[in-house]
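Note sheet for the following structure.
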Number of protein chains: 2
Amino acid sequence: MDGLNTSAKTIKYTNQRMEILKFLREFNGHPTVDDVYEGVKCKLSRISKATVYNNLRFLAEKELIKEVNTKGVSRFEANLVTHHHIICLECGDIKDYESEELTEYSLNVASKIDGFKIESTDTNFYGYCNKCRRKQNG
Amino acid sequence: MDGLNTSAKTIKYTNQRMEILKFLREFNGHPTVDDVYEGVKCKLSRISKATVYNNLRFLAEKELIKEVNTKGVSRFEANLVTHHHIICLECGDIKDYESEELTEYSLNVASKIDGFKIESTDTNFYGYCNKCRRKQNG
DNA sequence: ACCTTAAATAATAATAATTATTAATTAGAT
DNA sequence: ATCTAATTAATAATTATTATTATTTAAGGT
């Protein structure tokens, strides 16, 4: 597995680090720190939660994963291709939504913004997933 | 000042509640809970921080203000017109950006999403503000 | 294969953010 | 003016995150 050759400085390929990255790459969603902690425990039963925090920060710093803006707790994802998010206002569930057209449109808008050097953009869609809609209607 | 007639249930127009709402409506930005707490203190010196939390939650619930998705701490805004955010990756500063075209474009994209009933949408632009760019370049 | 060393880890303490509890107060209805 | 449910202040409890430190380990040089 590669993916850590990001700078001249020595980066250690520890088991913990690699398992966390692997978990994120395989996880279909936007896990919280606790999700990651629980997820890698089966492989590394003695891992410390601080190690999970450290590595998530580290991997995000190296741009191997991304932190997602959410209310409340931190969430992470390994999908580095620009994409958008659909967020359920009821249960908080987050789904990825890819749309190159929208990305391009937004980047074009971004190019007209001054006072800021825009590097990236993403769009959130807020609504209610089928499950929660069913619940609401009774 | 009006703005609290949102449901049949009794809503009390307390000083604390009204000052918090006023502060948010006059504040030009995206204050944190602490910002709000400090901001209303000059008017209500004995206010409790729990009251600030309660009212921000309450006002967001009644859709008189909105919580902004951000990394780390909670932020709020009273600008209810759909708009977008420009976020500095260095200092975390958030600026509003209005673009009806982008909103319409996104809502049109949203109408094609299935499995979700989309109610609203907003776009984030990530980059570096002039101040931070100047710092980086030295 | 063995040393060396900076980096990473585990365990835990410390801090910060948020929520819950409860007795006292108060806005609005009667 | 009285009543009552909602709200508040104060504070305790909980949760999320960061800092500390002694120990362990990956990677590079010999």
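Just so it is clear: chains get the letters A, B, ... in the order the sequence lines come, proteins before strands, and each one is counted from 1. Note: hydrogens, waters and symmetry copies are ignored here, and every other heavy atom, side chains too, is used. Everything quoted here is computed from the prediction, not taken from an experiment.
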Upstream residue (5' side of DNA chain D) when B:Lys49 and B:Gln16 are each assigned their closest nucleotide: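 Mapping each residue to its closest nucleotide by heavy atoms, the 5'-most match is B:Gln16.
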Residue met sooner reading DNA chain D from 5', once A:Val33 and B:Arg46 are mapped to nucleotides: B:Arg46
Without decimals, in angstroms, what is the distance between [X] [atom1] and [N] [atom2]?
X       : N      : atom1 : atom2 : result
B:Asn55 : D:dA9  : CG    : C1'   : 13 Å
B:Leu59 : D:dT8  : CG    : P     : 10 Å
A:Phe58 : D:dA26 : CZ    : P     : 15 Å
B:Leu56 : D:dT8  : CG    : P     : 11 Å
A:Ile11 : D:dA26 : CD1   : C1'   : 13 Å
B:Tyr53 : C:dT21 : OH    : P     : 17 Å
A:Tyr37 : C:dT9  : OH    : C1'   : 13 Å
A:Ile20 : C:dA8  : CD1   : P     : 12 Å

B:His30 and B:Glu67 side chains, donor-acceptor separation under 3.5 Å: no
Residues A:Thr32 and A:Asp35: side-chain donor-acceptor under 3.5 angstrom: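 Side-chain D/A pair, A:Thr32 to A:Asp35: present.
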5' precedence on DNA chain C between B:Asp34 and A:Thr51 (nearest-nucleotide basis):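 Result of the comparison: A:Thr51.
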hbond_proxy A:Lys12 side chain to D:dA27 base (donor-acceptor, 3.5 Å cutoff): no
Criterion salt bridge (Lys or Arg N to Asp or Glu O under 4.0 Å) on B:Glu119 and B:Lys117, from CA distance to verdict: CA-CA 6 Å; B:Glu119 306 259 307; B:Lys117 189 179 174 302; 3.0 Å; yes
Determine yes or no for a side-chain-to-main-chain donor-acceptor pair under 3.5 angstrom, with [X] supplying the side chain and [Y] the backbone.
X        : Y        : result
A:His83  : A:Glu98  : no
B:Asn108 : B:Glu104 : no
B:Ser106 : B:Leu102 : yes

Which nucleotide in C:dA10, D:dT7, C:dA8 has an atom nearest any side-chain atom of B:Arg17: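 Among the listed nucleotides, the one closest to the side chain of B:Arg17 is D:dT7.
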Which nucleotide in C:dT9, C:dA27, D:dA27 has an atom nearest any side-chain atom of A:Tyr13: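 So the side chain of A:Tyr13 is nearest to D:dA27.
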Side-chain N,O (B:Asn54) to OP1/OP2 (C:dA20) below 4.0 Å: no
Residue-phosphate contact under 4.0 Å: B:Thr14 side-chain N/O, D:dA6 OP1/OP2: no
Lys/Arg N to Asp/Glu carboxylate O, A:Asp34 vs A:Lys49, below 4.0 Å: yes
Interface with DNA chain C, restricted to residues 67-80 of chain A and to heavy atoms under 4.0 Å: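 Correct list: empty, so none.
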